[in-house]
**Q** 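Quick one: this structure, given as structure tokens, is what I'll be asking you about.
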Number of protein chains: 2
Amino acid sequence: MTERKLTKKSVEIFPATGSAVDDIVSRIRALISERGYGVGDSLPTERELCEAFGTSRNTVREAMRILKAYGIVEVRTKVGATLIDNRMSSAFEMFSFNLMDISRDTFADIQGFRCLLEVSSVEQIFDLIHRTDTDALREINDGFLKKCSVDEAAELDFKFHTRLISVLDNKAMLDVYSIMKPVILRIMKTGKSRHTFETATYSEHLAIVEALEGRDRVAYQYRMKTHLEAGFAYFNQKKREAEQAKE
Amino acid sequence: MTERKLTKKSVEIFPATGSAVDDIVSRIRALISERGYGVGDSLPTERELCEAFGTSRNTVREAMRILKAYGIVEVRTKVGATLIDNRMSSAFEMFSFNLMDISRDTFADIQGFRCLLEVSSVEQIFDLIHRTDTDALREINDGFLKKCSVDEAAELDFKFHTRLISVLDNKAMLDVYSIMKPVILRIMKTGKSRHTFETATYSEHLAIVEALEGRDRVAYQYRMKTHLEAGFAYFNQKKREAEQAKE
DNA sequence: GGGCCGTTTCGTTGGTCCAAAAAGGCGTAA
DNA sequence: TTACGCCTTTTTGGACCAACGAAACGGCCC
């Protein structure tokens, strides 16, 4: 193990831009790509990293916390830190941090993203969509007439949209969708009751499916856009209430 | 202070499923929902949390690191920790971690998404684009002839595409681009050298600008599509190398 | 009102103590 | 001699503490 030791040089190359912890994170990052580490490999021990980077152990530990939170390393006592790739579930975990109301920014971000994915992709969708897809969408949508709880209805709503996106055959985007699922579900539920799903959501979805079947691009875009923007009404209302309360 | 000594005990009271840090995270979580904190509100100071939870400051700090990594709190010296909701950008930040080489599939998916945004919106782009826009694009592209590092070149590449998208005047689209920036930057750098940017990327961009100036929709779509798909050559080459190495 | 100064609070460091797990040593039995 | 199990030592992460520094905020004095 002659080359086990880290060179001083790598310490100087990366200037301490931000905090010491962030610095260590990027240095570990550099270390990983430098040595060609992959999933399953072990990182040096905390104490080795301290020595290598010339920093304290607490700093290294905080950096390690970040990597752990990102789902990039798994650290067990005695064994040390091994590289994993749990980013998907970590991302899921962090989006399920649903303790507060969705911020307006997040709401706008998510809905903007969905708009891009579902409205702007109209050409691809119309190119790729098939009869079996619209049939499946119809069937999912019919579930609103049977299902009961709001949670189940939101699940159905989510399922409808993921089913639609699946025709794009773009796994990365589908992944993004499922990562954001907790937040999207929450968005779907904001300001809605069981009855809203049964009436408004159902008919909006139906109009979308019919536009798809009729191969009416303009109608599709219009229907989908208004459907996605429906939630803004609730948000604006809430904002108005907040302003009134302030006076 | 009767319960000051409870530190050991309180660990037992709370199921203490995992580590002390995870415990603190869930207790902070509970605190947030308990007190109805929302975005913008401030959490107690680190020392207050230490006392409240009967734990050490380092433990609280590590818990805070997790929340920071999740994009849920922002902590500034003196001010303390305030609740935010930056989860979207945190998520993309964590996916920019290049544990392994980006896979061909992911590349295809992301570029497919960009294709969707930049190629499919051709009609709107041609409707809205103005002389000042193409001039700006030209100027950005000329930067490739001056700039030096690969990172800077990738930044320029990113800037070129965001500038192009900005003519659509669609904030959501720009937001998505800036959120996905880490991932896109990484994609831009795969398989490219400083020289590649200076030659291939530069001339591809130039062709795009010229198509825009000449108001040639078909040429624009073709140039943009091939530009976005140029990276595939790298994967094909890598695949060939891998096959040769196997023999 | 503006500059100076103390206080608060986070940022970082070096260290201690502990528990669990791995590693290694050792003796005994097959 | 080899294999097995037991014991001790070492390694390593987990939690904690005390302390210093830096930056921001608020108050004070001129």
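The shown structure was predicted, so the numbers you read here are calculated from the model rather than taken from an experiment. In the text below, chain A, chain B and the rest are named by the order of the sequence lines, each starting its count at 1.
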**Q** Rounded off to whole Å, could you give me the CZ-to-P distance for the B:F53 and D:dC16 pair?
**A**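 Nearest whole value for this atom pair: 13 Å.
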**Q** Whether B:S56 contacts D:dC16 is assessed here as follows: a side-chain N or O lying under 4.0 Å from the phosphate OP1 or OP2. Is that the case?
**A**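 For B:S56, the contact criterion (side-chain N or O under 4.0 Å from OP1 or OP2 of D:dC16) is met.
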**Q** If we ignore angles and hydrogens, is there a donor and acceptor under 3.5 Å between the side chains of B:R163 and B:S166?
**A**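 Checked: B:R163/B:S166 side chains pair up, N/O donor to acceptor below 3.5 Å.
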**Q** Looking at D:dA18, D:dG13, C:dT9, which one has an atom nearest to any side-chain atom of A:V75?
**A**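 Of the options given, the side chain of A:V75 lies nearest D:dG13.
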**Q** Side-chain N or O of A:T77 less than 4.0 angstrom from OP1 or OP2 on C:dA21?
**A**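 Negative; the distance criterion is not met.
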**Q** Respond yes when some side-chain nitrogen or oxygen of A:T55 is under 4.0 Å from OP1 or OP2 of C:dT13, and no when none is.
**A**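 Answer is yes, contact under 4.0 Å.
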**Q** Atom CG of B:D23 to atom C1' of D:dG14: distance rounded to whole Å?
**A**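 In whole Å, D:dG14 C1' lies 14 Å from B:D23 CG.
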**Q** Look at the side chain of A:K78 and decide which nucleotide, out of C:dA21, C:dG11, D:dG14, has an atom nearest to it.
**A**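 Comparing C:dA21, C:dG11, D:dG14 against the side chain of A:K78, the answer is C:dA21.
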**Q** Looking only at side-chain atoms of A:K68, point me to the closest of C:dC10, D:dG14, D:dC17.
**A**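 Output: D:dG14.
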**Q** State which of C:dT12, C:dA22, D:dT12 makes the closest approach to the side chain of A:T45.
**A**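 Taking heavy atoms from C-beta onward, the closest nucleotide is D:dT12.
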**Q** Could you say whether A:N58 or B:G80 is positioned toward the 5' end of DNA chain C, judged by the nucleotide with the nearest heavy atom to each?
**A**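 Closer to the 5' end of DNA chain C: B:G80.
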**Q** Mind calculating the distance between CG (B:L49) and P (D:dC16) to the nearest angstrom?
**A**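 Going from CG in B:L49 over to P in D:dC16 covers 14 Å.
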**Q** Using a cut-off of 6.0 Å, state whether more than 12 heavy atoms not belonging to A:D169 lie near its atom CG.
**A**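 12 or below, so no.
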**Q** Should the pair A:R27-A:E34 be classified as a salt bridge under the 4.0 Å nitrogen-to-oxygen rule?
**A**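 No, A:R27 and A:E34 are not salt-bridged.
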**Q** Should we say atom CD of B:E93 is surrounded by more than 12 heavy atoms from elsewhere, each under 6.0 Å from it?
**A**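 More than 12 heavy atoms, drawn from other residues, nucleotides or ligands, come within 6.0 Å of this atom.
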**Q** Quick one: A:L43 CG to D:dG13 C1', roughly how many Å, whole number?
**A**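 Distance check: A:L43 CG to D:dG13 C1' gives 14 Å.
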**Q** Round to the nearest Å and state the distance from A:E51 atom CD to D:dG13 atom P.
**A**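 After rounding, the gap between these two atoms is 14 Å.
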**Q** Quick one: B:E62 CD to D:dC16 C1', roughly how many Å, whole number?
**A**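 Computing the B:E62:CD to D:dC16:C1' distance gives 11 Å.
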**Q** Without decimals, in angstroms, what is the distance between B:E46 CD and D:dC16 P?
**A**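 These atoms are roughly 14 Å apart.
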**Q** Applying a 4.0 Å non-hydrogen cut-off, can you work out what A:R57 is touching in the nucleic acid: base, sugar-phosphate, or nothing?
**A**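 Touches a base.
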**Q** Between A:Q111 and A:R114, do the side chains contain a donor N or O and an acceptor N or O under 3.5 Å apart?
**A**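 A pair is found: one side chain offers a donor N or O, the other an acceptor, under 3.5 Å apart.
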**Q** For the residue pair B:T132 / B:H130, report whether a side-chain donor-acceptor contact shorter than 3.5 Å exists.
**A**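 Yes, because at least one side-chain N or O of B:H130 sits under 3.5 Å from a partner of the opposite role on B:T132.
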**Q** Rounding to an integer number of Å, can you tell me how far A:R65 CZ sits from C:dG11 P?
**A**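 After rounding, the gap between these two atoms is 17 Å.
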**Q** Could you please name the option among C:dT12, D:dG14, C:dA22 that lies closest to any side-chain atom of A:V79?
**A**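 Of C:dT12, D:dG14, C:dA22, C:dA22 is nearest to the side chain of A:V79.
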**Q** From C:dC10, D:dG14, D:dA18, pick the nucleotide closest to the side chain of A:R47?
**A**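 Of C:dC10, D:dG14, D:dA18, D:dG14 is nearest to the side chain of A:R47.
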**Q** Donor-acceptor pair under 3.5 Å: do we get one between B:R61's side chain and the base of C:dG11?
**A**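 Counting by modelled atom types and ignoring angles, no donor-acceptor contact under 3.5 Å is found here.
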**Q** Output yes when at least one side-chain N/O atom of B:R76 is less than 4.0 Å from OP1 or OP2 of C:dT8, else no.
**A**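 No.
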